[in-house]
Amino acid sequence: MLEKIKKPNDIHKIALADFPALAQEIRDFLIESVSRTGGHLSSNLGTVELTMALHNVLELPKDKIIWDVGHQAYTHKILTGRKDGFERLRMEGGMSGFPKRKESDCDAFDTGHSSNSISAGLGYVRARDLSGEDYYVVSVIGDGALTGGMAYEALNNAAELKTNFIIILNDNNMSISRNVGGMSSYLSALRTAEAYTGMKLSVTKTLKKVPRVGTALVDTVRKTKSSIKQLIIPGMLFENMGLTYLGPVDGHNMRQMMKLFNEAKRVEGPVIVHVLTEKGRGYLPASRHPDRFHGTGPFDIQTGKQLSSKKGPSYTEVFSNTMKKIGGQQKRLVGITAAMPEGTGLKQFGKLYPERFFDVGIAEEHAVTFAAGLALGGMIPVVAIYSSFLQRAVDQILQDVCMQNLHVIFAVDRAGLVGADGETHHGCFDLSYLTMMPNMTVMAPKNQWELEKMLEFAVSASGPCAIRYPKGCAYQGLKEFNAPIQYGKSEILYRGEKTAILSAGSMTAVCEEVYHALKERGENPTFVNARFVKPLDTVLLDELAKDHRLFVTVEENVKNGGFGEHVAAYMEACHPEARVLPIAIWNRFVEHGEIDSLRAKIGLSAPDILCAIEEYEEQE
C-alpha cells in the first residue's frame, strides 16, 4: 500500500478496505526508520489513523492543516510524498522533523513550539474569507498544548466566526510527560462520558427520522446551550465559548473519524472535533513509556533500548543531582517545570520533595509569574525551562521578576545549538534577551563541576539569576581549575599576553583547543573562563587591557546583544586602543544537523576560530 503513495492526495486512490493495511505499513515504516535516525516516535505512532482520515477528507495543498508543535506530522509527510526523505530525517541538509513550508506546499505553517495552531488557523480563515476563496482550514492541537494560554486567546477570538474552521483536539492524555491541571481533568471526564456519546447518537438518529422537520430539530438541539449535552457533561466549556463540539471519537477508527470530519466541514462556524488517541500505539516500548520515545535517539527495535555512546553525565543530570542535594539542605527550595519534569531533570526532585515540586503544564509565562509569587512568599524557586521555550516568557521575566528584583533562579537548559530539532529548538538568543534586563545575573558553566557550584551560588545569592547550559554530555575537562564562584568574577585559566580568549560556557571546550593550538604556534595567549556574562568582569578587562591588544570572545549565541557585543562596547568606551573580535552565531536561524557539523558550518569550530584570529591579525 505504501508504495502507492508518491504525491499529495494519492491516498484518495486507495480503497477504504485497504486503510488498515496502509496504517500498519506506515507504523512499521516509522518504527524502522526512527530506530535508525532517531526522532519523535510515540506522538507519530498515535496519529497515524487521524492523519490518514484527515488526508482522505481534504484536498492538499488547497486545504490547510496546521500541526500544533509539529512533531506528530511524520505520517503527514509520508502521505504528501516525502517517504524517501526519512533516510536523512533531522540530519544536516535532510528533511526536518517538523513541518516546513519550504519542504512542501502541503506544510501550511512552520511549527516547533506549542499552543499556536489555533491562532495561525484563525488567521488563515480570516484571510480566506477576505479573499473570497474556498478551502478548509484545520488546526490539530494536542490536549497538552491546551494547557498553554495562547490556545484560549485564540479560541475566544474564534468564537466570533460565522464561517467554517475545524479544530481537531488530539487527546492522548499526554504532552511530553503526563498532563496536569484542570483542563486535563475536564478532558478526562469527556473521555469517560460513553453514556453521553451513546445517547447523543441515539437521540440524533431518532430526531432525524421525524418527517420534514427532523434535521431542523437536530440543528436546534445542537445550538441550544441548555441542551442534553449540558445535562450530562457539566460545563461544556467549548460550547459555552461558542464553539460546536463533536465527539469524543476513537482516534484509531478511521471510518468514524472521517464521518465526523465530514460533518465538521458542514458547520458554519468554529467546530472542535475531540479525537481520542493512544501515544505510542503499535509499538509496545513506546506505548508503555511514551515520554521516553517522545524524542528518541537511534534504538534497538527488539528491546526499545537506545543505542547510546554516551560518556559521563549530561548537564541536565548534573543539574538534577544538585537540585536533589540542595533540596535536602534548603527547605525553601522549590522546583518548577512547564510540562517537562524528565526533560529538565526535575523529576527526581519531585519524587523526593513532592510538596515543593510544581509542573504547571505547557505554560511558560505562568511558570515565571508563579515563581515570582513564590519568591515573594519566602520560597527560593528554580524555574527549569529549555532556552528556546523560555523565550515565550520574556515579558514575565522582565516585568514580574526583574522589575521587582526577586530571587528567582532560571535553569536555562538546551542553551546554544541543540542539533536535530533545528531552528525552533536552538537556544541561541537567551544571552541577548536575558542580559538586557536590569537586575538579572547571567552565568554559564565551563564543565559539570562548575554547574553544580553555580547552582549552589545562585541559591545563596539574591535577585534574579539565570544559569545557561547546553544539551548533551557535560564537559569533563579543566577539572583542575575550581576557583570559588565570586559574584561577577571571571576565572583566568591561563595567563599570557597580547591575545586574550574569553569563553562563555558551552564554548569552553572548543576554546581550550584554540588555546593549545596557539601555544603550539609559539604564541602565549590568555585563556579566560568568563563565568558571568552579566555583570561583565570589568576589573579583569581593565587589567588585561594593559598588555593585550586583541580580545577574542566566543559564545554559542547570536552576535546581536550577546557577550561579545557587551565586551566590545565596554572596551570601545574605556580602552579604545584594544581590539575585540566577537565569535558568535551571525544573526540568522540555524537549521537542524549534528552539533559539531553545525558549528563548523557557522564558524564556531576550533579551526574556524583560529582562522578568524589569523585573518584579523593579518589585517592589523
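- Counting heavy-atom neighbours within 6.0 Å of Lys325 NZ, excluding the residue itself, gives a total above 12.
- With rounding to the nearest 0.5 angstrom, the OG1 atom of Thr538 is 10.5 Å from the CE atom of Met571.
- A salt bridge (Lys or Arg N to Asp or Glu O under 4.0 Å) check over residues 462-474, counting only residues at least two apart or in different chains, returns the pairs Asp430-Arg468.
- Under the 3.5 Å distance criterion, the side-chain polar atoms of Gln72 are matched with a main-chain donor or acceptor of Gly70.
- To the nearest 0.5 Å, atoms CZ (Phe429) and CG (Asn587) are separated by 8.0 Å.
- Contact detail for Gly603 and Ile609: the closest heavy-atom pair is O-CG1, 4.2 Å.
- Side-chain polar atoms of Thr526 and His548 form a donor-acceptor pair below 3.5 angstrom.
- Ser320 and Gln348 share no donor-acceptor pair across their side chains, judged by distance under 3.5 Å alone.
- A salt bridge is defined here as a Lys NZ or Arg NE, NH1 or NH2 lying under 4.0 Å from an Asp or Glu carboxylate O, and Lys77 with Glu103 meets this definition.
- When all heavy atoms are compared, the tightest approach of Leu610 to Ala517 is CD1-CB, 3.5 Å.
- The distance from the NE2 atom of His407 to the OG atom of Ser462 is 6.5 Å, given to the nearest 0.5 Å.
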Self-check item: Audit row: Cys511, Phe527, side chain to side chain contact (heavy atoms under 4.5 Å, CB included) steps and yes/no
Solution: CA-CA 8 Å; Cys511 287; Phe527 183 14; 3.6 Å; yes
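- Remark: the backbone N or O of Ala530 is paired with a side-chain donor or acceptor of Ser490 at under 3.5 angstrom.
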Exercise. Show the numbers, then the answer: is there a salt bridge (Lys or Arg N to Asp or Glu O under 4.0 Å) between Glu556 and Arg599?
Key: CA-CA 9 Å; Glu556 208 166 37; Arg599 283 178 174 171; 2.8 Å; yes
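- For the pair Glu594 and Arg90, the salt-bridge criterion is not met [side-chain N within less than 4.0 Å of a carboxylate O].
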Exercise. Quick one: do Glu497 and Lys546 satisfy salt bridge (Lys or Arg N to Asp or Glu O under 4.0 Å)? Show the steps, please.
Key: CA-CA 9 Å; Glu497 59 182 1; Lys546 296 175 182 177; over 6 Å; no
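- Judged by distance alone, with hydrogens and angles left aside, the side-chain atoms of Asn447 form a donor-acceptor pair with the main-chain N or O of Gly477 at under 3.5 Å.
- Taking all atoms of both residues into account, the shortest heavy-atom contact from Phe563 to Leu536 is CE1-CD2, 3.7 Å.
- With Asn439 contributing its side chain and Cys402 its backbone, the two residues share a donor-acceptor pair below 3.5 Å.
- If you look at Tyr315 and Tyr475, their ring centroids are not closer than 6.0 Å.
- Listed for the His592 side chain is a donor-acceptor partner under 3.5 Å among the backbone atoms of Gly94.
- Atom NZ of Lys305 has 12 or fewer neighbouring heavy atoms from other residues, nucleotides or ligands inside a 6.0 Å radius.
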Quiz prompt | Audit row: Val590, Glu423, side chain to side chain contact (heavy atoms under 4.5 Å, CB included) steps and yes/no | solution = CA-CA 5 Å; Val590 181; Glu423 56 263 67; 5.8 Å; no
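- With values rounded to the nearest 0.5 angstrom, Thr508 atom OG1 is found 7.5 Å from Leu493 atom CG.
- In this structure, a donor-acceptor pair under 3.5 Å is absent between the side chains of Glu456 and Thr322.
- Panel note: side chain Asn524, backbone Gly496; no donor-acceptor pair is recorded below 3.5 Å.
- The two residues Arg332 and Gly378 come nearest to each other via the heavy atoms NH1-O, 2.8 Å.
- For the residue pair Thr424 and His113, no side-chain donor N or O sits within less than 3.5 Å of a side-chain acceptor on the partner.
- For the pair Arg356 and Tyr353, the distance from NZ or CZ to the six-membered ring centre is under 6.0 Å and the angle to the ring normal is within 45 degrees.
- For Arg101, the CZ atom is loosely surrounded, since the number of other residues' heavy atoms within 6.0 Å does not exceed 12.
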Exercise. List the steps and the verdict of ring pair (Phe, Tyr, Trp, His ring centres under 6.0 Å) for His294 and His71.
Key: CA-CA 9 Å; His294 170 75; His71 51 43; 4.6 Å; yes
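- Residues Asp547 and Arg495 are paired through a salt bridge, judged by an N-O separation under 4.0 Å between the basic side chain and the carboxylate.
- The neighbour count for Gln302 CD, taken as heavy atoms of other residues, nucleotides or ligands under 6.0 Å away, does not exceed 12.
- Ionic pairing of Glu450 and Arg531 is present here: one or more N-O contacts between side-chain nitrogen and carboxylate oxygen are shorter than 4.0 angstrom.
- With a 6.0 Å radius and a threshold of 12 heavy atoms from other residues, nucleotides or ligands, Phe589 has its CZ atom at or below the threshold.
- Between Tyr494 and His516, the angle of the ring planes goes over 60°, which puts this pair in the perpendicular group of the 30/60° scheme.
- For the residue pair Asp542 and His575, a side-chain donor N or O sits within less than 3.5 Å of a side-chain acceptor on the partner.
- Other residues, nucleotides and ligands place no more than 12 heavy atoms under 6.0 Å from the CD atom of Glu87.
- The environment of CD in Glu572 is sparse: at most 12 heavy-atom neighbours from other residues, nucleotides or ligands sit within 6.0 Å.
- Atoms CD and OG, on Gln306 and Ser35 in that order, are 11.5 Å from each other to the nearest 0.5 Å.
- Looking at Cys428 and Leu417, their side chains come closer than 4.5 Å, going by heavy atoms from C-beta outward.
- Looking only at side-chain heavy atoms (C-beta outward), Glu555 and Ile583 stay at 4.5 Å or farther from each other.
- Taking the side chain as every heavy atom from C-beta outward, Asn482 and Trp449 never approach each other to under 4.5 Å.
- Atoms OG1 and OH, from Thr316 and Tyr469 in turn, are 5.5 Å apart once rounded to the nearest 0.5 Å.
- Here the shortest heavy-atom pairing between Leu544 and Ala500 reads CD1-CB, 4.3 Å.
- Ion pair Glu523/Lys519 not flagged as a salt bridge, since none of the NZ, NE, NH1 or NH2 atoms sits closer than 4.0 Å to an Asp/Glu carboxylate oxygen.
- Residues Ala363 and Ala338 share a closest heavy-atom pair of N-CB, 4.1 Å.
- Side-chain polar atoms of Asp400 and Thr369 form a donor-acceptor pair below 3.5 angstrom.
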Quiz item: Passes ring pair (Phe, Tyr, Trp, His ring centres under 6.0 Å), Phe293 versus His40? Steps please.
Solution: CA-CA 7 Å; Phe293 285 87; His40 293 93; over 10 Å; no
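- In this model, no donor atom of one side chain and acceptor atom of the other lie less than 3.5 Å apart for Ser104 and Asp107.
- Sparse packing is recorded around CG of Asp105, with 12 or fewer heavy atoms of other residues, nucleotides or ligands lying under 6.0 Å away.
- Listed for the Thr337 side chain is no donor-acceptor partner under 3.5 Å among the backbone atoms of Asp359.
- A distance of 6.0 Å or more separates the ring centres of His425 and Tyr386.
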